[in-house]
K.L.:
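Dropping the structure in here first, questions after.
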There are 2 protein chains.
Amino acid sequence: MPLAPLFRPIDVAPAYQKVADAIEREIVNGRIKPGDPIGTEHDLVRQFGVNRSTIREGIRVLEEGGLIRRDSSRRLHACLPRYSKLASRLSRALVLHEVTFRELYEASMTLEVASIEGAVERASEENVAELADNLSRSEAVVGDPAALAECDAEFHVLVAKASQNRVLQLAREPAAQLFYPTTEMIVTGVVEGGPRLVAAHRHLIDAIRRRDREAGVLWTRRHLQDWRRGFEKIASLDRSVEHMYMEHAQAARRR
Amino acid sequence: MPLAPLFRPIDVAPAYQKVADAIEREIVNGRIKPGDPIGTEHDLVRQFGVNRSTIREGIRVLEEGGLIRRDSSRRLHACLPRYSKLASRLSRALVLHEVTFRELYEASMTLEVASIEGAVERASEENVAELADNLSRSEAVVGDPAALAECDAEFHVLVAKASQNRVLQLAREPAAQLFYPTTEMIVTGVVEGGPRLVAAHRHLIDAIRRRDREAGVLWTRRHLQDWRRGFEKIASLDRSVEHMYMEHAQAARRR
DNA sequence: TCTGTCCCTTTGTCCGACAAAGTTAGAGTG
DNA sequence: CACTCTAACTTTGTCGGACAAAGGGACAGA
């Protein structure tokens with residue numbers, strides 16, 4: 001018979017973790033605002049009363065979490081975590097969990113449709129201008145699969161941004177990051193892939209301009225179905241996302 | 001006239017970063033599989049030829065990223081990043097970016113509807129059993145707002161799990177983590193809140209069992225609209241998510 | 001089989017040190 | 001006076017070594 005639970009586990013976090021938690025608390029509580037300087041390592045040594053090595057381990061944790069950064073002169077600042085950096089963590093996790101392209105496709109269908117709906121409803125002049133700019137750059141590189149794939153990724157980031165919904169923006173990013181490398185393969189492999197992609201973007205911008213929700217959803221669906229058809233010419237949707245795709249995400253994270 | 005680009009920028013990452021990157025590469029490439037032991041710190045010191053402090057800083061980075069863990073005996077293992085841990089990073093970011101409850105609501109509407117659609121289509125016997133178990137536990141604590149809110153959060157995690165789409169599962173988690181604390185407030189503040197919540201869950205399980213997509217979507221919408229109505233009695237949807245909510249996420253992360 | 005003990009390894013923490021890069025202040029120059 | 005250049009000073013990244021606490025393993029004894 002197991003013993004009755006008389007005692008609770010004691011909280012024995014190592015010192016570096018406590019340092020990280022303490023600083024994190026100040027940031028998420030808002031007592032330290034994004035942009036505010038954290039002291040130097042030596043300051044923190046004095047304040048926490050632990051060794052510099054310990055402080056440094058705590059700092060690494062926060063740095064990796066995106067809560068603090070070092071500016072050009074390597075001084076520590078609190079900062080707003082950047083979506084693309086956080087999302088690349090998630091992309092990495094999805095790869096390791098060996099999610100299939102089908103899961104990616106299905107989730108993206110939902111997320112991209114939601115994005116365009118938001119964009120159609122709420123896009124600002126500036127959002128539309130950014131999208132138009134992206135379109136003209138896409139048209140210029142329609143023959144260059146790598147450049148076009150990059151434009152495509154940016155286009156959808158801009159659509160999500162135009163939705164004015166940052167939760168959605170963040171939620172769609174991990175899946176989108178995994179899409180990006182495949183787009184290049186598909187545009188390369190499918191004749192007419194490039195022009196169709198650009199045409200879809202044109203229709204999408206048009207739909208946003210006219211605030212035509214139906215058209216927006218329709219063209220988003222078509223755009224993704226095009227991707228799917230192209231992909232299925234190369235591989236099965238039930239294949240899991242492969243490790244090699246991570247290279248892109250890793251490069252993106254470092255920026 | 002600018003000089004022709006004769007040289008590429010040199011990679012001048014600090015040593016601890018290189019250590020972290022090198023280990024990360026082995027993991028995402030699949031050469032180190034989840035569960036495989038990484039060596040001891042001393043091993044790594046020998047392999048990389050840098051000081052132990054440097055190794056330790058690199059390890060902190062990977063640990064925070066969820067790529068490696070220490071088991072009970074503190075030995076290092078590669079591991080699959082856990083969704084809830086990663087999601088709490090995102091929740092934290094959303095709080096710091098001061099997203100509004102409206103954004104949260106809108107995104108969740110999309111994500112939870114997509115989850116239920118997937119669940120209706122693909123839920124396994126086991127998924128349904130888990131949901132049923134959750135329901136009976138919810139019924140037992142219908143008078144306890146905190147416990148009920150916790151059950152509600154778990155319920156929706158289980159629905160997403162039943163969708164068999166891990167991308168969706170991951171995408172919905174950050175927003176859901178921010179919902180959780182409010183549910184408790186709402187159930188406390190609104191008469192009939194608890195019973196309505198449980199009733200909605202019952203209908204949702206029923207819809208999944210009958211593979212009735214329409215009913216599933218309908219009840220998910222109602223469920224979220226209930227939340228919204230309850231929330232608007234307390235505060236405006238345009239209020240931004242507040243810092244205090246992070247406490248939950250911070251506690252969740254440490255698990 | 002269980003327990004207690006001894007020994008070895010590993011981790012968490014500390015101390016002190018130093019080179020490289022950045023910062024600041026002051027001298028020198030036009 | 002504005003400007004540049006240089007010489008301290010500070011801060012970070014890395015190193016070497018140190019030690020206590022905790023874990024793991026082997027082994028003897030009940």
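A quick note: this is a predicted structure, and the numbers were derived from the prediction, not measured. Only heavy atoms go into these numbers, but all of them, side chains included; no hydrogens, no water, no symmetry mates.
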K.L.:
Return each pair, listed once, that meets ring-ring contact (aromatic ring centres under 6.0 Å, His included) where at least one residue sits in residues 153-173 of chain B; pairs must be two or more places apart or across chains.
P.N.:
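Listed once each, the pairs are B:Phe155-B:His201, B:His156-B:His201, B:His156-B:His223.
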K.L.:
Identify, with sequence neighbours excluded, every residue that meets side chain to side chain donor-acceptor pair (under 3.5 Å) alongside B:Arg74.
P.N.:
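Residues passing side chain to side chain donor-acceptor pair (under 3.5 Å) with B:Arg74: none at all.
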K.L.:
If each of B:Thr40 and A:Ala15 is mapped to the nucleotide of DNA chain C with the nearest heavy atom, which maps nearer the 5' terminus, i.e. the 5' end?
P.N.:
B:Thr40
K.L.:
Does B:Arg75 put a side-chain nitrogen or oxygen below 4.0 Å from OP1 or OP2 of D:dA22?
P.N.:
no
K.L.:
What residues, two or more places apart in sequence or in another chain, satisfy salt bridge (charged side-chain N to carboxylate O under 4.0 Å, His left out) together with B:Arg60?
P.N.:
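B:Arg60 satisfies salt bridge (charged side-chain N to carboxylate O under 4.0 Å, His left out) with A:Glu57, B:Glu63 only.
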K.L.:
Between which nucleotides of DNA chain C, 5' to 3', does chain A make heavy-atom contacts below 4.0 Å?
P.N.:
C:dG12 to C:dT23
K.L.:
For the pair made of NE2 in A:His42 and P in D:dC9, what is the distance, rounded to whole Å?
P.N.:
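Taking NE2 of A:His42 and P of D:dC9, I get 16 Å after rounding.
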K.L.:
Does B:Tyr16 have any ring-ring contact (aromatic ring centres under 6.0 Å, His included) partners at least two apart in sequence or in another chain, and if so, which?
P.N.:
none
K.L.:
Counting only side-chain nitrogens and oxygens, does B:Thr54 get under 4.0 Å of the OP1 or OP2 atom of D:dC15?
P.N.:
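Result: yes.
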K.L.:
Return each pair, listed once, that meets salt bridge (charged side-chain N to carboxylate O under 4.0 Å, His left out) where at least one residue sits in residues 144-156 of chain B; pairs must be two or more places apart or across chains.
P.N.:
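Output for this query lists B:Arg137-B:Glu154.
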K.L.:
Heavy atom of residues 44-53 of chain A under 4.0 Å from DNA chain D: which residues?
P.N.:
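Under 4.0 Å from DNA chain D: A:Arg52.
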K.L.:
Do any pairs count as a ring-ring contact (aromatic ring centres under 6.0 Å, His included) and have a residue in residues 58-88 of chain B, sequence neighbours left out, and if so which ones?
P.N.:
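Of all non-adjacent pairs touching residues 58-88 of chain B, those that pass ring-ring contact (aromatic ring centres under 6.0 Å, His included) are A:His97-B:Tyr83.
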K.L.:
Give B:Arg56 one of three labels, base, sugar-phosphate or nothing, depending on what nucleic acid heavy atoms sit under 4.0 Å from its own.
P.N.:
base
K.L.:
Looking at B:Arg46 and B:Asp43, is there a salt bridge between them, counting it only when a charged N and a carboxylate O are closer than 4.0 Å?
P.N.:
yes
K.L.:
State which residues pass side chain to side chain donor-acceptor pair (under 3.5 Å) with B:Gln169; sequence neighbours excluded, sorted by chain then number.
P.N.:
none
K.L.:
Starting from the 5' end of DNA chain C, give me the residue, B:Glu63 or A:Arg74, whose nearest nucleotide shows up first.
P.N.:
B:Glu63
